[in-house]
Amino acid sequence: MSPARRGMGRAAKPGRRGGPPPTRITRQVPARGSVPAGPRGRRRGADRSLGGDQVEGRQAVRELLAAGRRPVREVWLSTERDDAPILRDIVELAESSRVPVREVGRGRFDAQARCEAPQGVLALAAPLPEADLDDLVAGQGPWNRPGPPFLVALDGVTDPGNLGAVLRSAECAGATGAVLPKHRAVHVTPAATKAAAGAVEHLPIALVGGLPSAIARLRDAGVHVVGLDGAAPTPLHDLAGATGPVCLVLGAEGRGLSRLVRERCDQVVAIPMRGRLGSLNVAAAAALACFEIARRR
């Protein structure tokens, strides 16, 4: 993915005076059998890809267009929507990038949408590019941020809402990349893009074959790997190595960190609990841990 803005969508035919005509909102939609390929038409094995080719939610679609990091085929707007300023921003951004904007009836829109509340807008785009784990460690690539690497790895998180919320917190806390396993974990679905609210456009994500082996590679490269587990004896506020290259590892909903992942971490810490409940949602735990690392950095 190039950091420079690239042309997005289908090229418009030149007008009589040699310039391309402006994008117009139209009520026409493709025939039912010609809907652009999206999450419904994935090939076998597509669950191993990063995803992100259908983006839902107002903030997520706006960030997709504003970032300009990947091609967007078209934007769909539901005819039953309000006149919120952010929707006008989306139309203006799409027009400036020559991305077709289509008004679609509620039934057709709901049939294409995949999350429960897409807020009347979705976009069909090129899939998210996968980052290379070694590039994330070296601080290379178009997403490079100053300072030592700050990575967030997820060990088998299966809920797309949790994944999106974790990515949003990580990006806001200044993380430089995320690491997801290819198998037995959710990737960037439309529900995840909505929960991430645009974070996937700015936070590079690497897919790895196995998280334990990826952690070993990170440690060999000098990255301090910290696991978050409620049963750990060390509190989060006593974590070490946060000012240098660090990777925060978060466990799956319910079972937490897997045995191999926990064993390969340099340190395992817990969030001190004072109430009657014994655990936090992984997204809430991620927010606390990410900003604790950000505070120390």
Side-chain angles (χ1 to χ4, degrees), residues 6-13 20-47 49-128 159-161 163-165 167-168 186-201:
R6 297 184 294 181
M8 298 186 292
R10 295 175 293 180
K13 295 181 179 179
T23 302
R24 297 178 180 176
I25 298 180
T26 174
R27 292 182 182 274
Q28 295 179 356
V29 298
R32 184 170 294 273
S34 62
V35 175
R40 284 188 167 185
R42 297 189 185 280
R43 298 186 301 272
R44 181 175 297 177
D47 59 331
S49 66
L50 187 51
D53 51 343
Q54 181 161 312
V55 178
E56 300 184 9
R58 297 178 180 184
Q59 188 62 33
V61 172
R62 186 189 182 283
E63 285 298 321
L64 167 71
L65 295 166
R69 294 182 180 273
R70 53 190 176 122
V72 181
R73 296 200 301 278
E74 57 186 10
V75 172
W76 286 23
L77 293 175
S78 172
T79 54
E80 299 186 23
R81 65 182 190 278
D82 56 30
D83 190 31
I86 192 171
L87 292 176
R88 295 194 293 270
D89 287 345
I90 288 171
V91 172
E92 291 175 1
L93 286 167
E95 288 179 345
S96 66
S97 302
R98 305 199 183 282
V99 176
V101 179
R102 302 185 184 276
E103 287 198 30
V104 184
R106 179 177 179 180
R108 189 69 183 285
F109 184 91
D110 290 345
Q112 180 68 21
R114 296 293 175 271
C115 69
E116 292 185 0
Q119 301 175 313
V121 60
L122 62 83
L124 303 174
L128 284 165
D159 182 86
L163 171 61
L167 296 177
R168 183 177 186 176
V186 70
H187 294 163
V188 185
T189 66
T193 63
K194 181 176 183 295
V200 297
E201 310 303 332

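Counting only heavy atoms from C-beta outward, the side chains of Thr189 and Arg114 never approach each other to under 4.5 Å. No side-chain heavy atom of Arg81 sits less than 4.5 Å from a side-chain heavy atom of Val121. Residues Gln112 and Val104 fail the side-chain proximity criterion, which asks for heavy atoms closer than 4.5 Å. Here the side chains of Arg70 and Val55 are in contact, with some heavy-atom distance below 4.5 Å. Using a 4.5 Å heavy-atom cutoff, the side chains of Thr79 and Phe109 are not in contact.
Residues Val200 and Ala196 approach most closely at CG1-CB, 4.0 Å, considering heavy atoms. Leu124 and Gln54 get closest at one heavy-atom pair: CD2-OE1, 3.5 Å. Looking at every heavy atom in both residues, Ala94 comes nearest to Val101 through CB-CG2, 3.4 Å. Nearest heavy atom pair, residue Ala195 against residue Pro160, reads CB-O, 4.5 Å. Across every non-hydrogen atom of Gly57 and Lys194, the tightest pair is CA-CG, 4.2 Å. Closest of all the heavy-atom pairs between Ala191 and Cys115 is CA-CB, 3.8 Å.
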Under 3.5 Å, which donor-acceptor pairs link side chains of residues 60-68 to any protein atom two or more places apart or in another chain?
{"from": "Glu63", "atom 1": "OE1", "to": "His202", "atom 2": "NE2", "distance (Å)": "2.9"}
{"from": "Glu63", "atom 1": "OE2", "to": "Gln59", "atom 2": "NE2", "distance (Å)": "3.3"}

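In this structure Asp83 satisfies the side-chain contact (heavy atoms from CB on, under 4.5 Å) test together with Arg88, sequence neighbours excluded. Take Glu92 and apply the side-chain contact (heavy atoms from CB on, under 4.5 Å) test, not counting sequence neighbours, and it matches Asp89.
With hydrogens and angles ignored, the 3.5 Å screen pairs a side-chain donor or acceptor of Gln119 with a backbone N or O of Arg58. Remark: side-chain polar atoms of Thr193 are not paired, donor with acceptor, to backbone N or O of Gly52 under 3.5 angstrom. The backbone N or O of Arg106 sits nowhere less than 3.5 Å from a side-chain atom of Glu80 that would complete a donor-acceptor pair.
Asp110 CG to Ser78 OG: the interatomic distance, rounded to the nearest 0.5 Å, is 6.5 Å.
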